[in-house]
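In what follows, a structure is listed as structure tokens, so that the remarks can point back to it.
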Amino acid sequence: MFTNPEQFANATKALFEFQLETFNTLTARAVQGVEQVVALNMATAKSHMADGLAAGKEMSQAADPKAAMSLAAAKVQPGVAGATAYNQQLGAIIADIREEFTRAADAHMAEAKTNLSALIYDVTKNVRPGSENAVQIVKSAIDNAFSGYEQVTKATKQAVQSVEEQIAKANALVEQKAAEAAKAAEPK
């Protein structure tokens, strides 16, 4: 089938290195995304802690319980705005990761298809009579590998989309609860 065993070994090695490069690129981006989320969480936690301490101090210095409750109600809206900002920042991080994953996966897929098409051409141009079945098996194996890769890419895109949808739902819920809390805090 192959005119030269080195041809097959080089093609296999190139494909393996290409897959490893793709995996490394996507892993590095995923780690970077996790770092961004951790940094966002730390900044948010610090901000909430400082705001909570300041609000507690203000409420403890209130003249009476009614004034303390008014201060507490006044702090609800900024807290909700902070939660909304957090959800938006988290959504932006996830959208960036999705965009980079999609771009990398599409680029690597196109390159892999090109490389494998060239390999298939090289394999099939020098087929000995009677080796057609072996060539068909190789082609089927390559097609199956691409189908699997495309399924993984599709599943990854769907998972990221699902996370984005959940963030949007959480953001809507926070905004709804903020409106309800603001309405309840209005003087009657």
Side-chain angles (χ1 to χ4, degrees), residues 17-113 146-188:
E17 288 173 351
F18 178 72
Q19 289 172 341
L20 190 60
E21 177 188 333
T22 302
F23 179 75
N24 286 338
T25 299
L26 296 178
T27 301
R29 183 57 186 115
V31 168
Q32 183 183 21
V34 169
E35 289 173 346
Q36 289 175 313
V37 170
V38 168
L40 175 62
N41 287 342
M42 291 300 295
T44 302
K46 286 179 184 179
S47 174
H48 282 293
M49 185 176 287
D51 291 348
L53 290 173
K57 185 176 179 180
E58 285 180 34
M59 285 188 285
S60 70
Q61 294 173 350
D64 57 33
K66 187 174 182 180
M69 291 304 291
S70 293
L71 282 170
K75 299 295 180 184
V76 169
Q77 189 61 33
V80 171
T84 301
Y86 171 83
N87 283 338
Q88 289 171 343
Q89 290 173 335
L90 184 61
I93 291 169
I94 290 172
D96 287 346
I97 292 170
R98 180 194 55 165
E99 181 181 323
E100 288 187 36
F101 264 63
T102 301
R103 189 174 348 131
D106 290 347
H108 289 292
M109 179 66 87
E111 187 175 332
K113 280 185 178 181
F146 270 114
S147 294
Y149 187 76
E150 288 172 345
Q151 288 295 333
V152 168
T153 302
K154 183 179 178 181
T156 301
K157 288 178 183 179
Q158 288 174 342
V160 172
Q161 182 179 5
S162 176
V163 170
E164 288 177 334
E165 289 170 359
Q166 293 302 320
I167 288 172
K169 286 179 185 177
N171 204 14
L173 184 61
V174 166
E175 289 173 1
Q176 177 188 355
K177 293 298 179 184
E180 290 172 6
K183 194 174 196 180
E186 290 176 358
K188 296 178 181 178

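Taking N24 as the reference, L20 meet the side-chain contact (heavy atoms from CB on, under 4.5 Å) condition, with sequence neighbours excluded. V37 meets the side-chain contact (heavy atoms from CB on, under 4.5 Å) test with N41, L90, I93; sequence neighbours excluded. In this view, A67 and A62, D64 satisfy the side-chain contact (heavy atoms from CB on, under 4.5 Å) rule, not counting sequence neighbours. Taking E99 as the reference, R103 meet the side-chain hydrogen bond (donor to acceptor under 3.5 Å, both in side chains) condition, with sequence neighbours excluded. For E21, the side-chain hydrogen bond (donor to acceptor under 3.5 Å, both in side chains) criterion is met by no residue, not counting sequence neighbours. Not counting sequence neighbours, the partners of R29 by the side-chain contact (heavy atoms from CB on, under 4.5 Å) test are Q32, Q36, D96, I97, E100, F101.
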Pairs of donor and acceptor atoms involving the side chains of residues 42-59, under 3.5 Å and at least two apart or interchain, shall be tabulated with distances.
residue: T44; atom: OG1; partner: L40; partner atom: O; Å: 2.8
residue: E58; atom: OE2; partner: K75; partner atom: NZ; Å: 3.4

